[in-house]
Amino acid sequence: MITDLDGLLHSKKHADSHLLDVIKRFAAVVSVPAARKGDYCAEKMNGWSPIAVEYHPLKAGSIDGTDEEPHDRAVSRAILSRYVPNKGVCGDPHLTLFVARLNLQTKEEKLKEVFSRYGDIRRIRLVRDLVTGFSKGYAFVEYKEQRSILKAHRDANKLVIDQHEIMVDFELERTLKGWIPRRFGGGFGGKKESGQLRFGGRDRPFRKPINLQNDSYSERYSERHGPPRERVREWRERGRDHEWNRDSRWQEERPRVGWQSAKDKEDSKDERSRDRERRDRERPRKEREREKSRDNHTRKQKEEDENK
């Protein structure tokens, strides 16, 4: 742990500007004492938002933006990286739309046909490999008006183009502070199989932290049901009443269900004996009927054989 941050920043040994920048990034977390970590996390959660307002690889690697240590090597690489946006990119970043998950066979003409529905397009740039010239599966669409890009951002997301469901978002490289691209371990989204998901974007927004969820749940619970102690007391009283009612019902139904008088037992015995006698009388008649049906069946078969 770094104990004297100011002395380390001004020492000649760590005079490199890149290293100073890295140390400053960790200063907020490292300088917090262990006893105040809960208060520190609570202060960070006051301005919680599902979409990242400022990019930080450590927060992007956490599902709720509260991690204090990197959980994979890519996050550490993104923290230590030094990325400068490409100054050669032309166009207004606030009017540029990022389109991802494209079919590799999709051309600029198809993109122009789809995105021109939302407004006048100034420029379309389909990113290709410098060596092979093949599409990399994402593009940038620049509009002429702000209402056009807002409409496309709202309606074109998850649109199917050439059998691929696309993802649409604003350009982040030049608009989001602290942006680190995917190739350096940053970015947003990702696949579960990779184990390097990034949260805070439109594809995978932050989930609400557990401490905030518990607070909101307790508030809603108290509004609906009142104080918890009163509810517990009410449940106990209700349970006792239910048990008492069940015992009383059982006492009332017991003489009718579980006990029979001597006369009832004698009547049931006579009824069973009458049923047994009736079955004995009907047994010879049923046997005669079965024999008769067998004789008829054999006679019919003989007649059929003679006719043949």
**Shared hydrophobic cluster for Leu102 and Ile121 (ILVMFWY, side-chain gaps under 4.5 Å)** = yes
**Item:** Note: Arg198-Asp72 ion pair, threshold 4.0 Å (strictly below)
**Value:** yes
**Side-chain donor or acceptor of Ser116 paired with backbone N/O of Glu113 under 3.5 Å** = yes
**Request:** Would you mind reporting whether Lys144 and Asp92 have side-chain heavy atoms less than 4.5 Å apart?
**Result:** no
**Request:** Please report the shortest heavy-atom distance between Gly119 and Tyr143, naming the atom on each side.
**Result:** O-CE2, 3.8 Å
**Request:** Output yes when Asp305 and Lys302 qualify as a salt bridge under the 4.0 Å nitrogen-oxygen rule, no when they do not.
**Result:** no
**Asked** Quick one: CZ on Arg207 to CZ on Arg204, what's the gap to the nearest 0.5 Å?
**Response** 9.0 Å
**Message:** For residues Tyr138 and Leu126: do they belong to one hydrophobic cluster (side chain heavy atoms under 4.5 Å, members Ile, Leu, Val, Met, Phe, Trp, Tyr)?
**Reply:** no
**Message:** Testing Phe199, Phe206, Trp179 one by one against Phe188 for a ring pair (Phe, Tyr, Trp, His ring centres under 6.0 Å), which residue passes?
**Reply:** Trp179
**Prompt:** Where is the tightest heavy-atom contact between Ser135 and Leu104, given as atom of each residue plus distance?
**Reply:** O-CD2, 3.4 Å
**Prompt:** Minimum heavy-atom separation for Ile166 to Val99, with atom names?
**Reply:** CD1-CG1, 4.0 Å
**Item:** Tyr83 and Arg183, any side-chain heavy atoms less than 4.5 Å apart
**Value:** yes
**Request:** State yes or no: do Val168 and Phe170 share one hydrophobic cluster built from I, L, V, M, F, W and Y residues joined by side-chain heavy-atom distances below 4.5 Å, directly or via other members?
**Result:** yes
**Message:** Is there a side-chain contact between Glu173 and Phe98 in this structure, where contact means two heavy atoms from C-beta onward sitting under 4.5 Å apart?
**Reply:** no
**Request:** Calculate, to the nearest 0.5 Å, the distance between atoms CZ and NZ belonging to Arg128 and Lys136 respectively.
**Result:** 12.0 Å
**Prompt:** Can Glu142 and Arg122 be counted as an ion pair, charged N to O under 4.0 angstrom?
**Reply:** yes
**Prompt:** Are Ile149 and Val114 co-members of a hydrophobic cluster defined by side-chain heavy atoms under 4.5 Å apart?
**Reply:** yes
**Item:** Gap between atom CG of Leu172 and atom CD1 of Ile180 - 0.5 Å precision
**Value:** 12.5 Å
**Asked** Distance from Ile161 atom CD1 to Gln105 atom CD, nearest 0.5 Å?
**Response** 14.5 Å
**Asked** How far apart are the C-alpha atoms of His164 and Arg101, what are their side-chain angles, what is the distance that settles it, and do they pass the side chain to side chain contact (heavy atoms under 4.5 Å, CB included) test?
**Response** CA-CA 7 Å; His164 274 228; Arg101 300 174 186 170; 5.7 Å; no
**Request:** May I ask whether Phe140 and Ile124 are part of the same hydrophobic cluster, defined by side-chain heavy atoms of I, L, V, M, F, W, Y residues being less than 4.5 angstrom apart, directly or through others?
**Result:** no
**Item:** Shortest non-hydrogen contact from Gly201 toward Ile51
**Value:** O-CD1, 3.4 Å
**Asked** Counting heavy atoms not belonging to Arg285, are there more than 12 under 6.0 Å from its CZ?
**Response** yes
**Residue pair His153 / Arg202, side-chain donor-acceptor N/O under 3.5 Å** = yes
**Message:** Is it true that, when you exclude Glu108 itself, more than 12 heavy atoms of the residues, nucleotides or ligands shown sit nearer than 6.0 Å to its CD?
**Reply:** yes
**Message:** For a side chain to side chain contact (heavy atoms under 4.5 Å, CB included) check, start with the C-alpha distance between Lys151 and Asp155, then their side-chain angles and the critical distance, and finish with the verdict.
**Reply:** CA-CA 6 Å; Lys151 187 177 181 181; Asp155 299 338; 3.6 Å; yes
**Prompt:** Are any non-hydrogen side-chain atoms of His94 and Glu171 less than 4.5 angstrom apart?
**Reply:** no
**Message:** Applying side chain to side chain contact (heavy atoms under 4.5 Å, CB included) to Gln196 and Arg182, what does each step give before you reach the verdict?
**Reply:** CA-CA 10 Å; Gln196 297 180 2; Arg182 189 72 185 181; 3.8 Å; yes
**Request:** Measure the shortest side-chain to side-chain distance between Thr96 and Arg174 over non-hydrogen atoms and say whether it is less than 4.5 angstrom.
**Result:** yes
**Message:** Whether Glu109 and Lys107 form a salt bridge (side-chain N of Lys/Arg under 4.0 Å from carboxylate O of Asp/Glu) is what I want to check.
**Reply:** no
**Prompt:** Is the side chain of Ser62 donor-acceptor paired with the backbone N or O of Leu58 at a distance under 3.5 Å, no angle test?
**Reply:** no
**Asked** Only one of Lys292, Arg299, Lys300 clears side-chain hydrogen bond (donor to acceptor under 3.5 Å, both in side chains) with Asn296; which?
**Response** Arg299
**Prompt:** So among Arg272, Arg278, Arg279, which one has a side-chain hydrogen bond (donor to acceptor under 3.5 Å, both in side chains) with Asp275?
**Reply:** Arg278
**Request:** Without swapping roles, check the side chain of Asn103 against the backbone of Asp162 for a donor-acceptor pair under 3.5 Å.
**Result:** yes
**Item:** Donor-acceptor pair, side chain of Ser293 and main chain of Arg290, under 3.5 angstrom
**Value:** yes
**Interatomic distance, Gln163 atom CD to Thr106 atom OG1 [nearest 0.5 angstrom]** = 8.5 Å
**Message:** Taking the basic N atoms (NZ, or NE/NH1/NH2) and the acidic carboxylate oxygens, is any pair closer than 4.0 Å for Arg283 and Glu287?
**Reply:** no
**Item:** Spacing of Asp67 atom CG and Asp64 atom CG [to the nearest 0.5 Å]
**Value:** 6.5 Å
**Complete:** For Arg125 and Val89 the tightest heavy-atom approach is NH2-CG1, 4.1 Å
**Prompt:** What are the two closest heavy atoms between Pro70 and Val75, and how far apart are they?
**Reply:** CB-CG1, 3.6 Å
